[in-house]
Amino acid sequence: MKHDQSHDYFNQAKQVIPGGVNSPVRAFKSVGCEPLFIDHAAGSRIYDADNQSYIDYVGSWGPMILGHCHPKVVEAIQQAAAGGASFGAPTYKEIELANMVCEAYPNIEMVRMVSSGTEATMSAIRLARGCTGRDKILKFDGCYHGHADSLLVKAGSGAATFGVPTSPGIPADFAKYTLTATYNDLDDVKSMVAANKDEIACIIIEPIAGNMGCVPPQPGFLQGIRELCTTEGIILIIDEVMTGFRVAYGGAQERFDVRGDLVCLGKIIGGGLPVGAFGGKKELMDQLSPEGGVYQAGTLSGNPLAMSAGIATLKLLQEEGFYQQIEEKSAYLEAGLRQAATQAGVTTCLQRVGGMFCTYFCAGLVNNFNDALGSDTEAFGRYFRSMLDSGINLAPSQFEAGFMSIAHSKDDLDQTIEAAAKALAAV
Ligand SMILES: *Cc1c(COP(=O)(O)O)cnc(C)c1O
């Protein structure tokens with residue numbers, strides 16, 4: 001395919017936007033080509049500036065579980081816009097979406113809306129620190145929780161070492177409060193907690209790690225962390241920004257039968273508009289300003305357009321059999337991709353939970369970030385570029401999940417499998 005218009009736009013964008021993009025991974029740097037500029041989308045497809053169409057498995061990085069431009073969501077946004085884009089005052093729609101969230105997640109008794117997943121995790125951590133009077137937090141290597149200072153930290157060499165910032169601009173003094181452990185390694189978590197007794201405010205975790213591909217929790221891992229948090233007085237923050245309303249209506253917590261003290265949401269609850277949310281037990285949430293002293297605010301929080309898109313989206317997800325259909329479509333694609341890899345004689349590791357999946361170019365299972373780093377990113381790059389050329393839009397990185405939508409037809413899936421067979425044969 002030709003990408004003349006995208007190429008021209010990219011050159012223009014680089015003049016006025018750092019790297020030409022407003023979020024780094026959009027730049028396609030890790031797959032060795034230039035980004036597509038998108039003109040519009042509909043259903044399972046997106047259309048680039050050169051008017052070529054692609055079957056889309058990025059789905060705006062997760063939110064578009066209904067596919068693009070679902071008529072009911074479009075209508076809800078249009079109606080809301082006609083009634084006023086923002087008031088800076090409460091509206092009934094905020095109650096409606098809050099009620100829907102509380103009903104879906106029994107451990108969320110109260111919820112506060114924010115405008116992004118980053119704000120949700122950042123605020124939940126501040127609340128956890130405020131409630132416990134402790135400063136340290138524990139996260140997992142390879143888990144992404146947005147770009148707040150204390151979260152852009154990865155492990156030092158020893159398990160017990162303090163974190164070092166992975167981005168310039170984060171004071172080391174600040175990063176030292178962030179501990180990191182290995183995903184799916186409960187013993188590692190236990191020893192970190194023991195070494196920092198009564199100092200850790202919260203453990204924050206992706207219940208399925210979707211920002212290093214797709215890494216499911218091993219049986220007992222989340223439950224073990226839950227028990228540990230309860231005995232140690234540590235607040236468990238389950239970051240369901242990606243998995244919430246994705247792998248089940250009640251998210252990964254429903255699927256794996258585990259409950260956080262605080263929960264972060266985003267992506268799907270905004271139906272494609274900028275939204276995040278964090279919620280949990282009333283006794284914790286009551287510590288937030290104006291009831292309590294932990295400050296948190298937002299000019300556009302609970303924005304009427306975003307609330308309307310979220311409400312319309314969640315209503316459609318409640319339809320009988322919705323998640324069953326997502327599961328069937330995803331299982332069909334998984335089987336096809338596996339077969340294509342076998343036929344091509346390429347070693348891949350396909351991991352999937354519901355409508356999120358990743359094809360790693362490595363042998364064996366991927367259980368943590370180190371395993372993920374063992375995959376052949378050059379091979380992924382070749383696969384990605386061939387898929388794109390065949391009209392399949394995957395996330396432009398080995399360390400991202402693919403997302404299924406309800407709008408993907410059997411034809412779309414067959415085309416994808418056919419393209420994968422061709423791409424894998426040449427990898
Ligand atoms: C996307 C994501 C975030 C950040 O959300 P933004 O809206 O991009 O700020 C946080 N946590 C997880 C698990 C995510 O997938």
Side-chain angles (χ1 to χ4, degrees), residues 21-27 57-65 105 112-128 137-154 166-167 178 180 183 202-217 222 225 236-248 251-253 255-256 258 260 262-279 296 298 300-303 306-307 309-310 313 353-358 369 372 395-397 399-403:
V21 291
N22 280 312
S23 197
V25 73
R26 291 182 198 167
Y57 294 97
V58 179
S60 189
W61 302 88
M64 313 315 293
I65 194 168
Y105 295 79
R112 183 160 276 178
M113 297 295 164
V114 291
S115 298
S116 69
T118 295
E119 271 185 82
T121 56
M122 180 185 85
S123 308
I125 287 170
R126 182 179 306 144
L127 180 58
I137 66 170
L138 191 151
K139 74 177 281 288
F140 292 88
D141 214 1
C143 280
Y144 178 71
H145 305 286
H147 61 91
D149 281 355
S150 58
L151 291 165
L152 285 182
V153 170
K154 97 181 173 194
T166 49
S167 160
T178 304
T180 62
Y183 201 81
C202 61
I203 294 180
I204 183 165
I205 188 165
E206 285 181 78
I208 300 158
N211 287 287
M212 49 172 151
C214 180
V215 181
L222 296 174
I225 291 174
L236 175 58
I237 303 176
I238 299 196
D239 180 356
E240 294 234 43
V241 170
M242 183 185 288
T243 53
F245 298 101
R246 159 63 56 187
V247 296
Q253 292 173 95
R255 220 171 152 121
F256 297 113
V258 61
L262 292 174
V263 178
C264 300
L265 293 164
K267 299 196 168 116
I268 288 177
I269 57 158
L273 272 71
V275 178
F278 65 106
Q296 188 279 325
L300 295 173
S301 294
N303 173 267
M307 295 299 102
T313 298
V353 182
M356 55 190 275
F357 57 90
C358 180
F369 193 45
S397 161
F399 307 112
E400 302 287 349
F403 298 105

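Both ligands and their constituent atoms are indexed starting at 1 by order of listing.
Close approach of ligand 1 to Tyr144 is summarised as follows: ligand atoms under 4.0 Å from at least one heavy atom of the residue are 11 (N), 12 (C), 13 (C). The contact set between ligand 1 and Met242, taken as ligand atoms under 4.0 Å from a residue heavy atom, comprises 15 (O). Using a 4.0 Å cut-off to heavy atoms of Glu206, the atoms of ligand 1 that qualify are 13 (C). Near Ser116, with a cut-off below 4.0 Å to any heavy atom, the atoms of ligand 1 are 7 (O), 9 (O). Listed by atom number, the atoms of ligand 1 under 4.0 Å from His145 heavy atoms are 10 (C), 11 (N). Near Asn211, meaning under 4.0 Å from any of its heavy atoms, are these atoms of ligand 1: 12 (C), 13 (C), 14 (C), 15 (O).
Nearest protein neighbour of atom 5 (O) of ligand 1, counting heavy atoms only, is Gly117 CA, 3.2 Å. At the shortest separation from atom 13 (C) of ligand 1 among protein heavy atoms lies Asp239 OD2, 3.3 Å. Remark: minimum distance from atom 3 (C) of ligand 1 to any protein heavy atom is reached at Val241 CG1, 3.7 Å. Ranking protein heavy atoms by distance to atom 4 (C) of ligand 1, first place goes to Thr118 N, 3.7 Å. When only non-hydrogen protein atoms are considered, atom 15 (O) of ligand 1 lies nearest to Lys267 NZ, 2.6 Å.
Considering every non-hydrogen atom in both Gly213 and Ala401, the closest pair reads O-CB, 3.3 Å. What you find for Gly270 and Ala309 is that their closest heavy atoms are O-CB, 3.4 Å. Between Ala277 and Met113, the shortest heavy-atom distance links the atoms CB-SD, 3.9 Å. The two residues Leu265 and Ile269 have their closest heavy-atom pair at CB-CD1, 4.0 Å.
Here the straight-line distance linking atom CG of Leu152 with atom NE2 of His147 works out to 8.0 Å at 0.5 Å rounding. Expressed to the nearest 0.5 Å, how far OG1 of Thr118 lies from CG of Leu151 amounts to 8.5 Å. Distance check: Phe140 CZ to Ile203 CD1 gives 5.5 Å after rounding to the nearest 0.5 Å.
A side-chain donor from one of Gln296 and Arg112 sits under 3.5 Å from a side-chain acceptor of the other.
Put simply, no part of Glu240 is less than 4.0 Å from ligand 1, judged by heavy atoms.
Distance remark: protein heavy atom not present below 4.0 angstrom from atom 8 (O) of ligand 1.
The shortest side-chain heavy-atom distance between Ile237 and Phe278 does not fall under the 4.5 Å cut-off.
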